[in-house]
Amino acid sequence: MPADDLLERMIRDYGDALLRTCYLYLKDYHLAEDAVQETFIKAMKHYGGFRQRSNEKTWLTRIAINCCKNMMRKKWYRQEREELDGTASPDTEDAIDELIEKSCVSQGIMQLDPDDREILILFYYQELTLKEIASVIGRSENASMQRLSRARKRLKKILEGLL
């Protein structure tokens with residue numbers, strides 16, 4: 001398959017899901033777009049090395065999460081977050097942003113620490129199985145299940161406070 005066709009297919013099949021994941025991770029729509037773009041660039045560079053030990057969606061999700069984590073490590077990102085006091089104001093004209101902003105659950109997820117947020121995003125938004133999640137986060141299925149359970153409990157406490 002030609003590289004252009006491969007890229008178009010990946011964007012069509014996974015672009016929206018990766019954008020939602022990156023947005024929930026970074027809490028900024030424009031940074032999420034940048035992370036998704038970087039994800040596809042890295043995927044195209046290394047597609048020849050993709051061994052298909054996991055499915056393509058899992059592989060792309062792992063790349064996207066790593067891109068988000070790399071962005072969050074940068075000094076300018078931390079300074080921007082401190083200046084904004086943890087609140088991002090996305091462009092409300094975009095349908096994805098409106099959907100996310102209206103959701104009480106999404107607001108609760110945004111308040112979680114990155115590890116809890118990551119596991120919930122993978123399970124509920126990316127709809128990955130525990131086996132796939134274990135592959136993405138580099139843990140056993142058992143550890144992933146325990147981490148998901150703890151994240152659910154923390155989210156429940158946050159949601160009780162929001163309602």
Side-chain angles (χ1 to χ4, degrees), residues 13-40 43 53-163:
D13 292 350
Y14 309 114
D16 289 341
L18 291 174
L19 182 61
R20 282 191 304 272
T21 299
C22 291
Y23 178 80
L24 289 169
Y25 215 86
L26 295 168
K27 303 177 188 178
D28 183 284
Y29 182 77
H30 300 290
L31 287 177
E33 285 180 322
D34 291 346
V36 171
Q37 183 177 7
E38 188 176 335
T39 297
F40 286 122
R53 285 185 275 174
S54 62
N55 69 35
E56 198 172 58
K57 182 179 181 180
T58 305
W59 181 64
L60 288 169
T61 301
R62 179 75 260 160
I63 295 171
I65 288 171
N66 286 338
C67 287
C68 291
K69 285 181 178 181
N70 289 341
M71 286 180 155
M72 293 170 73
R73 283 187 195 108
K74 300 203 185 228
K75 185 177 181 179
W76 61 263
Y77 177 85
R78 290 192 307 270
Q79 287 175 340
E80 178 111 358
R81 292 290 115 198
E82 289 171 9
E83 289 173 13
L84 292 174
D85 195 27
T87 59
S89 57
D91 182 3
T92 55
E93 293 176 16
D94 191 284
I96 293 174
D97 291 346
E98 289 176 11
L99 177 65
I100 290 173
E101 287 299 308
K102 290 179 184 176
S103 171
C104 185
V105 174
S106 294
Q107 290 175 11
I109 288 173
M110 296 287 209
Q111 294 179 25
L112 292 169
D113 68 66
D115 288 338
D116 289 342
R117 190 178 325 136
E118 176 183 50
I119 195 101
L120 291 171
I121 289 169
L122 293 174
F123 188 76
Y124 290 108
Y125 289 88
Q126 289 289 328
E127 298 177 352
L128 298 180
T129 65
L130 279 172
K131 184 176 183 177
E132 291 170 327
I133 291 171
S135 172
V136 168
I137 65 173
R139 302 276 193 261
S140 69
E141 283 185 61
N142 235 4
S144 299
M145 187 169 35
Q146 289 175 344
R147 194 166 146 190
L148 178 61
S149 176
R150 286 188 206 116
R152 284 177 179 156
K153 288 176 185 174
R154 289 182 185 118
L155 179 60
K156 182 179 178 184
K157 286 181 182 180
I158 289 171
L159 292 177
E160 288 171 350
L162 288 175
L163 298 176

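Fair warning: this is a prediction, and the values are worked out from it, not measured in the lab.
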*Drop me the distance from I63's CD1 to F40's CZ, to the nearest 0.5 angstrom.*
9.5 Å
*Might you point out which heavy atoms bring A64 and L18 nearest each other, and give the distance in Å?*
CB-CD2, 3.9 Å
*Listed by chain and number, what are the side-chain contact (heavy atoms from CB on, under 4.5 Å) partners of D13, not counting sequence neighbours?*
R9
*What closest approach, in Å, do L26 and A35 show between heavy atoms, and which atom pair accounts for it?*
CD1-CB, 4.0 Å
*Could you grab the distance from atom CG of L128 to atom CG of N55, nearest 0.5 Å is fine?*
7.0 Å
*What is the distance from atom SG of C68 to atom CD of E38, rounded to the nearest 0.5 Å?*
9.0 Å
*When you measure from the side chain of T61 to the backbone N and O of K57, does any donor-acceptor pair fall under 3.5 Å?*
yes
*Option passing side chain to side chain donor-acceptor pair (under 3.5 Å) with D116 (candidates Q111, R150, R154)*: R154
*With A32, which residues qualify under side-chain contact (heavy atoms from CB on, under 4.5 Å), at least two apart?*
L19, C22, Y23
*Who are the side chain to side chain donor-acceptor pair (under 3.5 Å) partners of D34, not counting sequence neighbours?*
none
_Within the structure provided, determine whether Y25 and M71 are in side-chain contact (heavy-atom separation under 4.5 Å)._
no
_If I compare all heavy atoms of D28 with all of H30, which pair ends up nearest, and what's the gap?_
OD1-N, 3.0 Å
*Could you give all pairs that pass the salt bridge (charged side-chain N to carboxylate O under 4.0 Å, His left out) test and reach residues 125-141, with sequence neighbours left out?*
none
*Where do A134 and S144 come nearest, in terms of heavy atoms and distance?*
CA-OG, 3.3 Å
_For Y125 versus I109, what's the shortest heavy-atom pair and its separation?_
CE1-CD1, 3.5 Å
*asked:* Testing the basics here: between Y124 and R152, what is the closest heavy-atom pair and its distance to 0.1 Å?
replied: OH-NE, 2.8 Å
_Consider side chain to side chain contact (heavy atoms under 4.5 Å, CB included). Of V136, I137, T129, which one does I133 pass it with?_
I137
*asked:* List the residues meeting side-chain contact (heavy atoms from CB on, under 4.5 Å) with A17, not counting sequence neighbours, and say none if there are none.
replied: R20, Q126
*Applying side-chain contact (heavy atoms from CB on, under 4.5 Å), name anything that partners D115, two or more places apart in sequence or on another chain.*
D113, E118, R147
_How long is the straight-line distance from CG of L60 back to SG of C67, given to the nearest 0.5 Å?_
10.5 Å
_Are I121 and I65 packed together at the side-chain level, in the sense that at least one heavy-atom pair is separated by less than 4.5 angstrom?_
no
